A.B. asks: 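Got a structure for you, written out below as structure tokens; questions coming shortly.
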Amino acid sequence: MKHLIPYLQDDQKAADYLRQLRWPNGVICPRCGSAAVESRERCDNGLQRFNCVPCAARSGQQFAMFTDWTSSIFEESKLRPLDWLLVIGLWQLKLNATEIAAAADIQERTAQRCINLLDGGIYETYHLDPSRQLEHQVEADECYQSAGSKGLPREVERRDREPRQRGIQLRGRATAETGRPPILGLVQRRDQTDQDAPAAQVYLEVLENVRTATIKPIIAAKVKVGAQFFTDEYNIYHFTKVDYDHRTVNHGAGEYARRDPDGTCVHCNTMEGMWSGLRNFLDRFKGISQRFLHLRVARYEFLHNYKHLHWCQTFEATLRSIFSTTGDYLRRMAHQHRRMPLTLCYR
Ligand SMILES: [Zn+2]
């Protein structure tokens, strides 16, 4: 985090640094996209104000003002730009809200809001990006994560059952309804022959259940046709024979890896390793709500896929990704859950 130090002392420097990441080719109006903008005086927190000349002319007003943060997820935040830089640096270290609050000297509720905004921004721009596809050698597996209605006693009551009993294994395949939502993991193995190859690229999707009907469209969208596709012998994956070179290891028979006659290594060990990393990460939140599970998982997915880069590059990639959203996903989410505390979702 050393490269952040110069910006953490000065509101204006922090705002300038953030602006450079948002608009590397020069400031444009977030409403109309025009570059015909003029700088005005700064806000108290260091953010630069701009006037968009075409927008002002169109509306017949003297000015059409916007700031560095207009139409970004930071727009309604009271936190100063330099505080945000610190929080994002700590977010990247995979800390939870309590730890971020202590390290950045902000309130825990504020830290909670910040991580929901950041995780939500990454979910919307990175996780949901339809252009991201896996190819060559792809492993698939599923795991189950305990997640309930943390922090929502009324929601627990509504479900008309006892609170989830911790540490008790339920019989059969768990579902979101039984308090253990499945997570589908798809991972493209790293190209071992190329030293500069990026980290193994992963795609993680939190599901309601693991029926074929649920996972089939996800695999079709995320794995390129013709890829080698490795799973265990669980029958939900049988449909993949049509589009992929599907090979299975028989965990039931004690087989965990084998080398096929054509030299292909058949195993799901890359994905198994990923699960222990994800579990370690999710354990930091000490009980996790189903409402936020997919957001936390998206942060893990993003940071994992960027982990071959230098810390600075990942930090800047985070901000570029975050600045490409307006927070619509989070607003919709807050709206859907309007009977739940909004402060936890947005603003
Ligand atoms: Zn404009």
Side-chain angles (χ1 to χ4, degrees), residues 4 6-8 10-89 91 110 113-132 295 298 302 312-336 338 342-343 345-347:
L4 288 182
Y7 311 115
L8 295 178
D10 185 320
D11 279 320
Q12 297 199 0
K13 275 189 188 162
D16 294 348
Y17 174 58
L18 285 162
R19 183 180 328 112
Q20 169 61 29
L21 287 168
R22 181 176 189 183
W23 291 301
N25 304 314
V27 178
I28 55 164
C29 168
R31 296 187 201 96
C32 71
S34 166
V37 300
E38 43 189 37
S39 298
R40 310 295 300 188
E41 68 284 11
R42 289 194 187 241
C43 312
D44 291 343
N45 59 7
L47 293 178
Q48 182 72 54
R49 285 195 187 90
F50 299 91
N51 173 41
C52 173
V53 179
C55 278
R58 243 193 316 279
S59 63
Q61 307 283 318
Q62 193 180 359
F63 298 113
M65 303 297 281
F66 66 92
T67 76
D68 289 328
W69 281 2
T70 301
S71 302
S72 77
I73 64 165
F74 306 117
E75 182 165 13
E76 293 168 55
S77 172
K78 300 263 189 302
L79 223 54
R80 293 151 66 194
L82 56 82
D83 287 326
W84 264 113
L85 283 180
L86 183 56
V87 166
I88 297 166
W91 172 92
T110 310
R113 240 172 290 163
C114 290
I115 67 171
N116 286 342
L117 277 174
L118 294 170
D119 289 352
I122 288 297
Y123 181 85
E124 186 176 351
T125 56
Y126 185 76
H127 177 79
L128 295 181
D129 175 6
S131 68
R132 203 156 54 88
L295 300 187
F302 176 85
C312 260
Q313 291 173 296
T314 307
F315 184 84
E316 296 187 350
T318 303
L319 273 161
R320 274 193 295 273
S321 195
I322 293 279
F323 273 128
S324 66
T325 174
T326 57
D328 281 350
Y329 172 78
L330 286 158
R331 281 193 200 91
R332 274 202 307 279
M333 185 172 154
H335 184 71
Q336 271 172 14
R338 61 187 177 282
L342 274 188
T343 48
C345 296
Y346 191 72
R347 38 173 107 180

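Note that ligands are numbered from 1 as they come in the structure, with each ligand's atoms numbered from 1 the same way. Small disclaimer: the values here were computed from a predicted structure and weren't measured.
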A.B. asks: Quick check with a 6.0 Å cut-off and a 45 degree axis cone: is R132 positioned over the face of Y126's six-membered ring?
C.D. replies: yes

A.B. asks: Keeping waters out of it, list the protein N, O or S atoms under 2.8 Å from the Zn ion (ligand 1).
C.D. replies: C29 SG, C32 SG, C52 SG, C55 SG

A.B. asks: Taking it one step at a time, do F50 and T70 satisfy side chain to side chain contact (heavy atoms under 4.5 Å, CB included)?
C.D. replies: CA-CA 10 Å; F50 299 91; T70 301; over 6 Å; no

A.B. asks: Tell me which one of D16, D10, D68, D11 satisfies salt bridge (Lys or Arg N to Asp or Glu O under 4.0 Å) with R42.
C.D. replies: D16

A.B. asks: Given 3.5 Å as the limit, does a donor-acceptor pair link the side chain of R49 with the main chain of T67, or not?
C.D. replies: no

A.B. asks: With sequence neighbours excluded, what pairs up with W91 under the side chain to side chain donor-acceptor pair (under 3.5 Å) test?
C.D. replies: D119

A.B. asks: Strictly under 6.0 Å, is that where the ring centroids of F74 and F323 end up?
C.D. replies: yes

